[in-house]
Amino acid sequence: MDYKFWEIEPKWQQYWENNKTFKTPNDFSKPKYYVLDMFPYPSGAGLHVGHPEGYTATDIISRYKRTKGFNVLHPMGWDAFGLPAEQYAIQTGTHPAITTQKNCDNFRRQIKSLGLSYDWDREINTTDPKYFRWTQWIFTKLYNTWFDAEQGKGRPISELPIPEDVKAQGDAAVKTYISEKRLAYYDNAQVWWCQSCKTVCANEEVLTDGSHEKCGNQVVRKNLKQWLLRIPHYAERLLQGLEQLDWPEGVKDMQRNWIGKSTGAEVDFALDGLTEKLRVYTTRPDTLFGATYMVVSPEHPLLSKLTTPEAEVRVAEYVQAASLKSDLDRTELAKEKTGVFTGRYAINPVTGKQIPIWVADYVLMGYGTGAIMAVPAHDTRDFEFAQKFDIPVVCILDPKEADAETRAAVLAGNACWTEDGAYINSVNPDKGINLNGLNKKQGIETIVAWLQEQGIGKATVNYKLRDWLFSRQRYWGEPFPVIHWEDGEISLVEENLLPVTLPEMEKYEPGEGGESPLANAADWLYVTDANGRKGRRETNTMPQWAGSCWYYLRYIDPHNDEQIFDPKVENYWMPVDLYIGGAEHAVLHLLYSRFWHKVLFDLGVVSTEEPFRKLFNQGMILAFAYETATGAKIASDLVEEKDGKYFHKETGEELRQIVAKMSKSLKNVVNPDDVVEKFGADSLRLYEMFMGPLDDVKPWAENGVKGVFGFLNRACRFFGDPENITGGDEDKETLKLLHQTIKKVGDDIENLRFNTGISALMIFNNHVLKQGKVTKQTAETFAKILAPYAPHLAEELWQLYGHNETLAYESWPEVDESLFVESTFEYPVSFNGKMRFKIALPIDMPNAEVEKAVLEHESSARWLEGKTPKKIIVVPKKIINVVL
RNA sequence: GCCCGGGUGGCGGAAUUGGUAGACGCGCUGGACUCAAAAUCCAGUGAUAGCAAUAUCGUGCGGGUUCGAUUCCCGCCCCGGGUACCA
């Protein structure tokens, strides 16, 4: 049978669609397996070859698990809110919904052409009002939830205890108190603003160079009324939850770093001439004896009080200058420390000495208390600062492990030592404190106990995680179900009135000064309540993360108009057993999703504490590119190859082959449609999996596609030719290899090692090609184990062997381990670790006889050189090593 | 700087718990088929030396542990990702 993939593939895709082969019933009698892809943003550019990488992997797992008797949930949908459709609307006036629809249709067509076994009846779209009705519903839940620190969980706002003193202040105070506890709140926030996108962005969306991750333009600070979510309340839970997850350690680490937990202590410093105290946060309270000055951030609320009249001018100037600096200047570029003395002194509580208080922008208001005690001898930043401004450096940790020179410098206060050591100068009998002789752990415990006793400090925990800025100044997003009333009250749109849909508009331009385009939708914007009170709808929309935060829950029950989903069904399907997608979502999407999920868990909406049990990141698919000796990139169509070297077609200059991201300018973008047309979907699937380990970054090579295409051709020609299929018993060697292959392919799928699984299939195919004939049973087994990878060809073969039904639910072949039992093993024999020859011996032969057989072997004499071996190591079924 | 990954032929990559380094595929070389090409098939292919059998070297570098190290330990170098004045 010739390999006519162009006929086979559409035929089976049609069959699967007509028969709803992959429609997933909520059949609770079977064990379930939920395999999820990170759903795509349907861009106008269509599918990139990176998409099918993850999709093929999950498809192989899905198809395999079905044959192992699992009820498999494998859905697909569209994360379709987003800026490109809105920008296109601004340019052309085309409604984003129309653009989105078109793009979704194209993505669906492309994905279907790959033969992926999705249950298309569960398709979802985040821009569908029937979907975002529930996104809005979750927002109302967040708004109406507070975090009970004692119980460590979120609870309905109706259960929030109101302190008596708040009650005494009246209704307004109670309302304020409540709104300060809600997980979602509306407030003035210093936010990142992208002038190019005319919208705010979350901290997480700003890259380290101060650019917006979406567009690459620099962002600026701006003060705006915004919606924020109190994700830091869940910091500890988000951290702890990681422990139970089967996720790549790297991703867990990134989340841990992002959450940024640190343990330390808060210490109150008395101030000279003021009754106020200055509170600092430190992770090293044990170095208190070395604190020779203090620093407050330029935004510190106490700064004006601290500043003495003589210092007023310079402090004001400094604060002014700092406020003009972007955060970028304050961090990356300006490594050189700046600061001015406030004129005020604090009292070091352990030494009783006066220490100066400075203001400097290397201390950030947003972390800890916005003030620090500076220990220049044992903190590099403080040391730098102290050196520059000539502040005393007092060493209180003797660096015993350091070399003599370093040690001397540190002890003299001329160098900084941040490692552990032995405390010195850390005793004050008057205050009843002595750390000398303790180690770091004991030192911290002792000083914290002392601070607590004195009532001037306590152990504390800090997190880097900040409130999540949750609103955007865009049209194409979920509207908030919120109304701002003329009297200042904020209320939610009632649940039975959801969804709040987007108004039709003629123009989609954002308003000036940070207003969303929705501010122009007069008919939609204004509302009046039953009492005639006027109100205005929230004009911001939710960020794109909103829809993707919970989509995996909607697949479970996508058409339910009564509830977000039926809890019985949720209880069956959750959690997601395997989630595959790009590593770029390591923190943002995955952290946000976990946060929402935990809130929903606390409220009893979902049944699992974590949404994604196992996570796997596919590596990016790159492409070869070419550059000159000076590093200039050359578009691929200007490159020619000669004898394995690359030259510029026009200049003749020799070029270097490099690996880079696919890009239009390099002309090395691979379109999946072209690959499918030329080699077929099965070849594309197979190649994407054969390129290398799923999590590796790897370059696309068209010759590689030809390689797997050749394999499918040979397999099709051999297994599709009735003359090669015989009756009778299978050849022993073939049978053994077949079972080894079943085992290898199955194990490799379970472990997501698809490249070596394909290699095993190739080895088997090469074998039978040489063998010439196989039994029908062998041929059928081959079709079954090929099916997860190349389902179209497998179905075709299966049909050829006389079956009328799909093989998608045929059970996975059993491995007959007894075939692997061998009576002899061909031992590699090495002398002093170098392999010299091989000898076949019975595996149950006693060691003494093995040694004898080895030494008597004709080749041994040559390596023994007349010597008597010192030792002979025999590792059964592994190796024999003769030690001379 | 700090935290994660990773360095294996010309290329993508294999190698259970330490046990024959280079599976499988690409590329290349030679051959068959063909008027010829493509396609297909067969053989070879880590480097060096040799007609060959074979030998020596070989998994980023330098040490170590071991009968035996791509694998474990110590010290470096390089590449990729994340993060960055978080006290």
Side-chain angles (χ1 to χ4, degrees), chain A residues 207-208 248-254 256-258 260-262 264 280-284 287 295 297 330-332 334-337 360-364 366-375 378-382 384-385 462-466 583-584 586-587 617 619-620 624 641 643-645 657 659 686-687 690-693 695-708 710-711 713-714 717 747 753 755-763 765-766 769 826-838 862 869-875 877-884:
Chain A
L207 303 180
T208 44
E249 273 310 311
V251 174
K252 287 197 200 179
D253 267 334
M254 280 166 68
R256 285 189 195 109
N257 288 339
W258 199 266
K261 180 179 183 173
S262 83
V280 302
Y281 171 72
T282 175
T283 54
R284 295 296 303 273
T287 61
V295 187
S297 100
R330 279 177 68 165
T331 58
E332 190 112 28
K335 282 288 180 194
E336 181 78 356
K337 302 267 184 299
D361 62 10
Y362 81 92
V363 172
L364 310 173
Y367 185 78
T369 62
I372 62 161
M373 63 177 218
V375 185
H378 307 291
D379 180 288
T380 46
R381 295 154 302 180
D382 297 344
E384 255 176 69
F385 191 85
N462 255 301
Y463 300 91
K464 289 190 212 170
L465 193 63
R466 306 296 156 80
E584 66 273 20
V587 266
N617 291 127
M620 215 188 314
F624 288 115
E641 198 211 317
D643 302 327
K645 290 181 176 172
Q657 191 184 52
V659 170
L686 216 51
Y687 176 61
F690 188 60
M691 289 173 86
D695 48 351
D696 275 13
V697 173
K698 41 208 177 271
W700 184 272
E702 174 153 329
N703 278 331
V705 191
K706 284 187 195 155
V708 293
F711 159 66
N713 267 289
R714 287 188 290 275
R717 243 179 281 131
D747 288 353
R753 290 192 307 239
N755 53 334
T756 50
I758 294 170
S759 152
L761 288 166
M762 288 173 167
I763 291 169
N765 193 49
N766 291 344
L769 249 52
E826 194 178 34
Y827 282 95
V829 179
S830 46
F831 287 75
N832 283 343
K834 285 197 196 303
M835 209 283 282
R836 297 305 184 182
F837 61 87
K838 288 183 186 171
R862 177 168 173 203
K870 282 187 195 137
K871 202 179 348 174
I872 299 178
I873 313 261
V874 179
V875 185
K877 289 204 276 181
K878 283 269 157 70
I879 202 167
I880 296 164
N881 191 18
V882 182
V883 187
L884 294 174

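Just so you know, these numbers come straight off a predicted model, no measurement behind them. Protein chains get the first letters and strands the later ones, always in sequence-line order, with residue 1 at the start of each.
Look at the C1' atom in both rU48(B) and rA38(B): the space between them is 38 Å, to the nearest Å. Spacing between rC35(B) and rU8(B) at atom C1', rounded to whole Å, works out to 47 Å. For the C1' atom pair drawn from rG18(B) and rU66(B), the interatomic distance equals 9 Å after rounding to whole Å. Distance check on atom C1': rU83(B) versus rU17(B) gives 36 Å, rounded to whole Å. Nucleotides rG13(B) and rA23(B) have their C1' atoms positioned 10 Å apart, rounded to a whole Å. rG62(B) and rC77(B) have their P atoms separated by 15 Å, given to the nearest Å. Atom C1' of rU45(B) sits at a distance of 12 Å from the matching atom of rG22(B), rounded to the whole Å. Using C1' as the reference atom, rU20(B) and rG25(B) are 22 Å apart when rounded to the nearest Å.
For Y827(A), the ring-ring contact (aromatic ring centres under 6.0 Å, His included) criterion is met by F825(A), not counting sequence neighbours. For D379(A), the side-chain contact (heavy atoms from CB on, under 4.5 Å) criterion is met by R381(A), D382(A), not counting sequence neighbours. Applying the side-chain contact (heavy atoms from CB on, under 4.5 Å) criterion to D695(A), with sequence neighbours excluded, gives F616(A), P693(A). The side-chain hydrogen bond (donor to acceptor under 3.5 Å, both in side chains) check on N257(A) picks up nothing, with sequence neighbours excluded. Every residue meeting the side-chain contact (heavy atoms from CB on, under 4.5 Å) condition with A371(A), not counting sequence neighbours, appears here in chain and number order: L278(A), V280(A), V296(A), H300(A), T369(A). In this view, K838(A) satisfies the side-chain hydrogen bond (donor to acceptor under 3.5 Å, both in side chains) rule with no residue, not counting sequence neighbours. For S262(A), the side-chain hydrogen bond (donor to acceptor under 3.5 Å, both in side chains) partners at least two apart in sequence or on another chain are Y281(A), Y367(A). Every residue meeting the side-chain hydrogen bond (donor to acceptor under 3.5 Å, both in side chains) condition with D747(A), not counting sequence neighbours, appears here in chain and number order: K743(A). With sequence neighbours excluded, the residues that form a side-chain contact (heavy atoms from CB on, under 4.5 Å) with P869(A) are L855(A), L864(A), I872(A), V882(A), L884(A).
To the nearest angstrom, P of rC4(B) lies 18 Å from CG of D695(A). One interatomic measurement links the two molecules: NZ of K464(A) to P of rG82(B), which rounds to 16 Å at whole-angstrom precision. A straight line from CZ of R256(A) to P of rG82(B) spans 19 Å, rounded to a whole angstrom. The CE atom of M620(A) sits 19 Å away from the P atom of rG5(B) (whole-angstrom rounding). Atom pair D379(A):CG and rG1(B):P shows a separation of 18 Å (rounding to whole Å applied). In this structure, the CH2 atom of W258(A) is 16 Å from the C1' atom of rC4(B), given to the nearest Å.
Looking at every heavy atom in both residues, A586(A) comes nearest to M254(A) through CB-CE, 3.5 Å.
The residue G368(A) sits apart from the nucleic acid: no heavy atom pair falls under 4.0 Å.
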What string of B, S and - do you get for nucleotides 11-24 of chain B, 5' to 3', when a contact is any protein heavy atom under 4.0 Å? -BSS--B-BB--BB
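Base pairing in RNA chain B gives the following stems of 3 or more Watson-Crick or G-U pairs, range against range and under 3.5 Å: B:1-7 with B:77-83, B:10-12 with B:24-26, B:27-32 with B:40-45, B:46-49 with B:54-57, B:60-64 with B:72-76.
Annotation: side chain of R714(A) is in contact with side chain of N765(A) (closest heavy-atom distance under 4.5 Å).
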Review item, nucleotides 38-46 of chain B N/O atoms under 3.5 Å of protein N/O:
none

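The glycosidic torsion of rG63(B) lies more than 90° away from 0, which places this base in the anti conformation.
Taking the charged nitrogens against the carboxylate oxygens, K877(A) and E826(A) have no contact shorter than 4.0 Å, which rules out a salt bridge.
For the pair N703(A) and Y367(A), nearest-nucleotide mapping onto RNA chain B gives the more 5' position to N703(A).
Within the 4.0 Å cut-off from OP1 or OP2 of rC57(B), at least one side-chain nitrogen or oxygen of K834(A) is found.
Below the 3.5 angstrom threshold, one finds a donor paired with an acceptor across the side chain of K337(A) and the base of rC85(B).
Here the side chain of K834(A) pairs no donor or acceptor atom with the backbone of N832(A) at under 3.5 angstrom.
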